[in-house]
Amino acid sequence: RADTGSDPPATSVVACEVHRNLARKVAQESIVLLKNQNDVLPLRSSASDQHQTRKVVVFGNLADKKNIGDHGSSQVRPPYIVTPLEGISQACQQANVQVSHIKNCTAKRPPEFATGDVAVAIVG
């Protein structure tokens, strides 16, 4: 970490609404979609939609880990962290969609995979 000779910015600056909104926008714009087969995205929760999402299965050990980077310029201490699993769960709860989390994945598909409408893999 380079010593700039000054104190890091206060949490009230780093975590202000403008910075949170910018961070959310950057994260949304950096998402990569490799293939949207059968127009599965965006997810739909409307009962009148033939592609209604009822259950989301989230895979991966990192889904419920608080990860805000490593060292250097990403060494920021926000007042709160939303994990991928928490964010998905909050959005799905509002849409009345069930979420399950499978932490340790193996080469075999777990039985829960077959019962989900959508699978989300959190890897890194």
Side-chain angles (χ1 to χ4, degrees):
R1 180 176 150 183
D3 185 7
T4 61
S6 62
D7 292 331
T11 301
S12 60
V13 174
V14 173
C16 73
E17 186 175 357
V18 172
H19 287 178
R20 290 192 322 267
N21 290 340
L22 178 60
R24 184 174 292 111
K25 181 180 179 191
V26 169
Q28 289 170 338
E29 290 180 3
S30 68
I31 294 171
V32 176
L33 176 63
L34 300 178
K35 188 173 183 181
N36 191 13
Q37 187 173 353
N38 299 325
D39 294 322
V40 73
L41 296 175
L43 299 179
R44 299 166 187 91
S45 62
S46 170
S48 63
D49 195 312
Q50 67 177 1
H51 298 293
Q52 177 187 10
T53 303
R54 293 178 189 89
K55 183 175 181 184
V56 174
V57 182
V58 180
F59 293 89
N61 294 335
L62 298 178
D64 63 349
K65 297 288 184 219
K66 294 181 177 183
N67 183 359
I68 57 170
D70 48 16
H71 302 289
S73 63
S74 66
Q75 197 168 3
V76 177
R77 302 290 175 244
Y80 66 92
I81 299 168
V82 177
T83 68
L85 183 60
E86 289 170 341
I88 291 167
S89 296
Q90 288 170 8
C92 287
Q93 181 180 23
Q94 294 170 357
N96 224 13
V97 174
Q98 181 184 355
V99 176
S100 63
H101 177 216
I102 299 172
K103 201 171 212 174
N104 297 314
C105 301
T106 63
K108 286 182 159 183
R109 285 186 182 174
E112 294 90 342
F113 183 81
T115 61
D117 299 308
V118 175
V120 178
I122 307 295
V123 297

Nearest atoms (heavy-atom pairs only) where Ala63 meets His101: CB-NE2, 3.5 Å
Less than 3.5 Å apart, which donor and acceptor atoms pair up between the side chains of residues 83-91 and the rest of the protein, not counting sequence neighbours?
unit_1 : atom_1 : unit_2 : atom_2 : d
Thr83  : OG1    : Glu86  : N      : 3.0
Glu86  : OE1    : Thr83  : N      : 2.9
Ser89  : OG     : Leu85  : O      : 2.8

For Lys55 and Ser100 the tightest heavy-atom approach is CE-OG, 3.5 Å
Indicate yes or no for a side-chain donor-acceptor contact from His19 to the backbone of Ser12 under 3.5 Å, with no hydrogens or angles considered. no
Taking side-chain contact (heavy atoms from CB on, under 4.5 Å) as the test, write out the residues that go with Gln28, two or more places apart. Arg24
Which residue, Val57, Val118, Val58, Val120, forms the side-chain contact (heavy atoms from CB on, under 4.5 Å) with Val99? Val58
With sequence neighbours left out, what residues match Ile81 under side-chain contact (heavy atoms from CB on, under 4.5 Å)? Lys66, Ile68, Pro78
To the closest 0.5 Å, what do you measure between CD1 (Ile102) and CG (Asn61)? 11.5 Å
Mind checking whether Cys92 and Gln98 have side chains closer than 4.5 Å, heavy atoms only? no
Taking the side chain as everything from C-beta on, heavy atoms only, tell me whether Glu17 gets closer than 4.5 Å to Asn21. yes
